[in-house]
Amino acid sequence: MEATGTDEVEKIKSKFMSAWHNMKYSWVLKTKTYFSRSSPVFLLGKCYHFKTDESGELSTDGSNFDKINTEISGNVEEFRKDFISRIWLTYREEFPQIKGSALTTDCGWGCTLRTGQMLLAQGLMLHFLGRAWVWPDALDVDNSDSESWTAHTVKKLTASFEASLTAEREPKILSNHHQGTLKRNCDDNEMRNEVYHRKIISWFGDSPLAAFGLHQLIEYGKKSGKIAGDWYGPAVVAHILRKAVEEARDPELQGVTVYVAQDCTVYSSDVIDRQCSFTDSGKADTKAVIILVPVRLGGERTNTDYLEFVKGILSLEYCVGIIGGKPKQSYYFAGFQDDSLIYMDPHYCQSFVDVSIKDFPLESFHCPSPKKMSFKKMDPSCTIGFYCRTVQDFERASEEITKMLKSSSKEKYPVFTFVKGHSRDYDFASSPLREENDLFSEDEKKRLKRFSTEEFVLL
């Protein structure tokens with residue numbers, strides 16, 4: 001009886017926490033983001049120009065298209081379509097209870113796991129859809145929906161509290177889904193793309209069976225001493241994502257692997273070994289690789305000398321973003337303009353969506369408006385991600401990034417390095433064979449614990 005009472009208290013607390021975060025962050029979602037007309041905008045390797053003869057700023061919510069010429073408005077529209085097509089993963093509430101806890105929301109503690117999910121989702125989108133793909137319904141995501149979010153939150157808080165007091169279950173609030181969406185004459189390729197679009201999102205669903213859902217990531221995090229409700233840093237999340245991809249059983253995911261750099265060093269032979277394996281029949285099997293590099297861009301604060309390096313990374317076509325943020329908040333960085341970073345914010349708490357049902361609503365998985373933040377506010381701890389489809393892509397990427405690291409580094413040592421050979425060639429102990437239930441080697445556990453103590457606390 002006592003345990004049941006404790007669970008009820010936790011549920012009420014989580015409802016208030018969700019409502020509080022929505023009140024706190026919904027104004028940010030409503031705030032328009034303005035971009036300079038005179039500077040290019042970069043988004044995950046793509047460049048957009050909003051330049052006109054007039055000086056000033058423009059917003060990307062489409063509210064002032066009538067003030068600029070058709071060519072520029074078209075470019076703004078293309079940028080909006082590209083940005084909205086990226087997968088947005090935020091706090092959720094009322095999902096199935098996390099094993100070993102009473103939690104049914106990650107509100108207040110899961111933001112770095114969410115930004116890690118967004119980075120991995122972008123890697124999978126490159127793998128299955130390509131960088132040129134955009135969601136056909138992207139511009140149908142109405143930014144004005146956010147105008148009612150604060151009022152909606154207050155109503156939900158009131159209803160939740162009343163239901164809790166009367167011991168009644170809160171009525172399920174269904175997401176608005178455009179049932180009457182016009183059917184398009186899609187060719188086979190468009191249909192295939194839409195299938196993969198939905199499949200990728202479903203892999204990140206908030207249920208115990210989803211390969212990269214919160215429930216699974218928390219299970220892998222337990223191996224490094226983390227539990228549901230703990231704060232996770234960018235480096236720890238990188239190792240959790242690697243393990244999640246390794247353990248994924250979906251046949252579609254067997255062609256992708258993840259490599260995490262060791263102590264800011266990418267060992268080329270280790271990466272290629274991950275990409276190239278042999279099947280039981282003896283045939284070579286080549287995998288695409290997502291490379292994750294946990295780094296620190298300064299001491300207590302980010303060193304502004306690294307700005308050009310970060311901008312250079314986000315300009316690369318094979319960049320899948322950065323798991324970072326500012327102190328106490330994690331963001332997914334996907335681009336920049338001038339000295340400001342463009343990001344997606346995971347802090348808004350949305351209702352659980354059952355991705356196992358056919359034609360589940362997609363709108364809440366796409367962010368209607370980009371946000372900007374000064375580079376100076378960025379926390380120094382972050383994880384950088386790259387996607388390479390083939391060994392040749394990896395070799396080309398390593399050469400290009402190495403040149404960038406050398407040219408942008410004013411210090412004696414670059415942010416991270418690519419080294420030929422295996423880690424074991426440099427006196428690193430290779431990971432021992434281990435039982436299935438021991439997902440991290442002792443060496444990995446020590447490294448994860450060190451990262452946990454060095455990184456900032458994320459709320």
Side-chain angles (χ1 to χ4, degrees), residues 28-65 67-69 71-86 115 118-119 122 131 143 295 297-298 301-327 329-345 367-382 384-385 400-401 403-405 407-411 414-415:
V28 177
L29 292 167
K30 289 191 296 179
T31 304
K32 292 178 182 178
T33 300
Y34 289 89
F35 289 79
S36 169
R37 295 179 182 178
S38 58
S39 303
V41 176
F42 284 85
L43 181 69
L44 295 169
K46 278 196 172 186
C47 180
Y48 295 90
H49 294 273
F50 305 153
K51 193 168 184 178
T52 66
D53 293 333
E54 302 176 31
S55 61
E57 297 180 326
L58 57 90
S59 78
T60 58
D61 64 356
S63 61
N64 57 355
F65 279 175
K67 299 178 183 177
I68 51 182
N69 64 43
E71 181 183 352
I72 301 305
S73 67
N75 213 339
V76 173
E77 190 170 276
E78 289 303 309
F79 169 74
R80 286 189 64 227
K81 191 183 294 184
D82 189 9
F83 177 84
I84 294 171
S85 297
R86 302 313 106 203
T115 54
M118 285 189 259
L119 183 145
Q122 177 59 22
R131 183 63 186 88
N143 194 41
V295 297
L297 305 176
R301 295 183 180 180
T302 297
N303 188 334
T304 54
D305 287 345
Y306 291 122
L307 172 59
E308 293 306 313
F309 163 74
V310 172
K311 290 163 70 171
I313 290 296
L314 292 170
S315 305
L316 300 174
E317 61 181 6
Y318 31 79
C319 176
V320 292
I322 299 173
I323 305 170
K326 58 185 181 181
Q329 293 177 29
S330 182
Y331 298 144
Y332 170 59
F333 295 120
F336 69 91
Q337 184 183 46
D338 295 325
D339 294 347
S340 294
L341 297 171
I342 297 170
Y343 67 91
M344 285 197 280
D345 190 343
C367 185
S369 178
K371 299 300 167 192
K372 290 171 67 179
M373 182 191 88
S374 170
F375 177 78
K376 294 178 181 178
K377 295 181 180 179
M378 182 182 181
D379 193 282
S381 291
C382 61
I384 301 168
E400 187 173 348
I401 295 170
K403 290 179 183 177
M404 182 185 297
L405 287 163
S407 63
S408 64
S409 178
K410 296 181 181 180
E411 304 295 330
V415 179

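Keep in mind that what you see is a predicted model, and the values were worked out from it rather than measured. Any value given below was found using the heavy atoms of this structure, including those in side chains, with hydrogens, waters and symmetry copies removed.
Remark: the Asp345 side chain and the Tyr332 side chain contain no N/O donor-acceptor pair separated by less than 3.5 Å. Judged purely by distance below 3.5 Å, without hydrogens or angles, the side chains of Tyr318 and Glu400 pair a donor atom with an acceptor atom.
Heavy atoms only, all atoms of each residue included: Gly321 and Leu119 are closest at O-CD1, 3.3 Å. Residues Lys376 and Thr304 come closest through the heavy atom pair CG-CG2, 4.1 Å. Closest heavy-atom contact between Thr33 and Ser369: OG1-OG, 4.3 Å. What you find for Phe79 and Pro370 is that their closest heavy atoms are CE2-CG, 4.0 Å. Residues Arg86 and Met344 share a closest heavy-atom pair of CB-CE, 3.7 Å. Here the shortest heavy-atom pairing between Ile323 and Ser330 reads CG2-OG, 4.4 Å.
In this structure, the side chain of Thr302 engages the main chain of Met378 through a donor-acceptor pair within 3.5 Å. Remark: side-chain polar atoms of Gln337 are not paired, donor with acceptor, to backbone N or O of Phe35 under 3.5 angstrom. Looking only at distances, no side-chain donor or acceptor of Asp379 sits under 3.5 Å from a matching main-chain atom of Gly325. Ser85 contributes a side-chain N or O that, together with a main-chain N or O of Lys81, makes up a donor-acceptor pair within less than 3.5 Å. No side-chain donor-acceptor contact under 3.5 Å links Asp338 to the backbone of Ser340.
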How far apart are the C-alpha atoms of Ile342 and Phe333, what are their side-chain angles, what is the distance that settles it, and do they pass the side chain to side chain contact (heavy atoms under 4.5 Å, CB included) test?
-> CA-CA 6 Å; Ile342 297 170; Phe333 295 120; over 6 Å; no

Applying side chain to side chain contact (heavy atoms under 4.5 Å, CB included), run through Leu341 and Leu314 and close with a yes or a no.
-> CA-CA 10 Å; Leu341 297 171; Leu314 292 170; 4.0 Å; yes

Candidate pair Lys46 and Asp82, rule side chain to side chain contact (heavy atoms under 4.5 Å, CB included), full reasoning | CA-CA 9 Å; Lys46 278 196 172 186; Asp82 189 9; 3.6 Å; yes

Given the rule in the side chain to side chain contact (heavy atoms under 4.5 Å, CB included) test, do Lys371 and Tyr331 qualify, once you have shown the distances and angles that lead to the verdict?
-> CA-CA 10 Å; Lys371 299 300 167 192; Tyr331 298 144; over 6 Å; no

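Checked against the 6.0 Å centroid criterion, the rings of Phe375 and Phe336 do not qualify as a close aromatic pair.
Residues Gln122 and Arg131 meet the side-chain proximity criterion, which asks for heavy atoms closer than 4.5 Å. Using a 4.5 Å heavy-atom threshold, the side chains of Val320 and Leu44 count as separate. Side chains of Cys382 and Val295 form a contact here, defined as non-hydrogen atoms less than 4.5 Å apart. When side chains are defined from C-beta on, Ile322 does not count as touching Tyr343, because their heavy atoms never get closer than 4.5 Å.
Taking the ring centre of Phe42 as origin, the terminal cationic atom of Lys311 falls outside the region bounded by 6.0 Å and 45° from the ring axis.
The pair Arg80-Glu77 does not count as a salt bridge, with every side-chain nitrogen at least 4.0 angstrom from each carboxylate oxygen.
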